[in-house]
Each structure stands twice: as structure tokens, then as C-alpha cells.
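Keep in mind it's a predicted model, so treat the numbers as computed, not measured. Residue numbers start at 1 and run along the sequence shown.
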Amino acid sequence: MDWAGLSIVAFATIFGFVSWRWSVPYNVSFYKMVRAKEPDPASRIFRSFQFSRWAGVAFSVLLIVLVVLEWVTS
């Protein structure tokens with residue numbers, strides 16, 4: 001276990017939390033600012049916002065798993 005690995009795990013945890021908590025509301029507010037209306041929850045753009053939320057969380061989990069595997073195998 002080293003400081004670089006701990007830093008990556010900390011970054012990934014924060015990134016995953018922020019992605020989960022604020023990505024969709026931020027994207028919806030940006031969409032509303034540009035288009036002057038909120039996206040329909042059944043629309044393709046809203047589903048892409050939700051996909052980006054899950055992609056951010058999956059990326060964070062992948063980083064954490066890779067760091068933990070590196071710790072275990074070394």
C-alpha cells in the first residue's frame with residue numbers, strides 16, 4: 001500500500017460520489033439554461049444523462065478495483 005494508490009482510491013471515491021450525486025441535476029440545469037425547458041424524463045437526452053452517471057460510478061469502481069488488485073498481487 002502506497003500513497004499514490006491511496007490518492008487514486010480517494011480520487012475515485014470522490015469522483016464516483018460526485019458523479020452519482022450531482023451529474024444528472026447539473027446536466028439537467030445546463031440543458032434547462034440552454035434550451036429554456038427541462039428535458040422530458042422519457043427522452044433520449046435524459047437517458048444519456050443517467051447513463052453518464054452510471055459510467056462515472058463504473059469508472060470509479062474500476063479504478064478502485066485495479067488499485068486493490070495491484071496491492072494484493074504485489
- Between CD of Gln50 and CZ of Arg53, what distance do you get to the nearest 0.5 Å? 7.0 Å
- Item | Rounded distance (nearest 0.5 Å) linking atom CG of Leu6 with atom CH2 of Trp71 | 4.5 Å
- Query: By ring-ring contact (aromatic ring centres under 6.0 Å, His included), which residues pair with Phe17, not counting sequence neighbours?
  - Reply: Trp22
- Message: Testing Phe59, Tyr26, Trp54 one by one against Trp20 for a ring-ring contact (aromatic ring centres under 6.0 Å, His included), which residue passes?
- Response: Trp54
- Task: Would you mind listing the cluster partners of Val28? Hydrophobic ones only (ILVMFWY), side-chain contacts under 4.5 Å, chaining allowed.
- Result: Val24, Tyr31, Ile45, Phe46, Phe49
- Taken to the nearest 0.5 Å, the spacing of Phe11 CZ from Ser60 OG works out to 7.5 Å
- Quick one: CD1 on Ile8 to CG on Leu63, what's the gap to the nearest 0.5 Å? 7.0 Å
- Task: With rounding to the nearest 0.5 Å, note down the distance linking CG in Asp2 to OG in Ser74.
- Result: 8.0 Å
- Path from Leu69 to Trp3 over hydrophobic side-chain contacts below 4.5 Å: no
- Task: Give, for atom CZ of Arg47 and atom OG of Ser52, the distance between the pair rounded to the nearest 0.5 Å.
- Result: 13.5 Å
- Item | Short side-chain to backbone donor-acceptor contact, Thr13 and Val9, under 3.5 Å | yes
- Task: Examine distances only and state if a side-chain atom of Ser19 and a backbone atom of Gly16 form a donor-acceptor pair shorter than 3.5 Å.
- Result: no
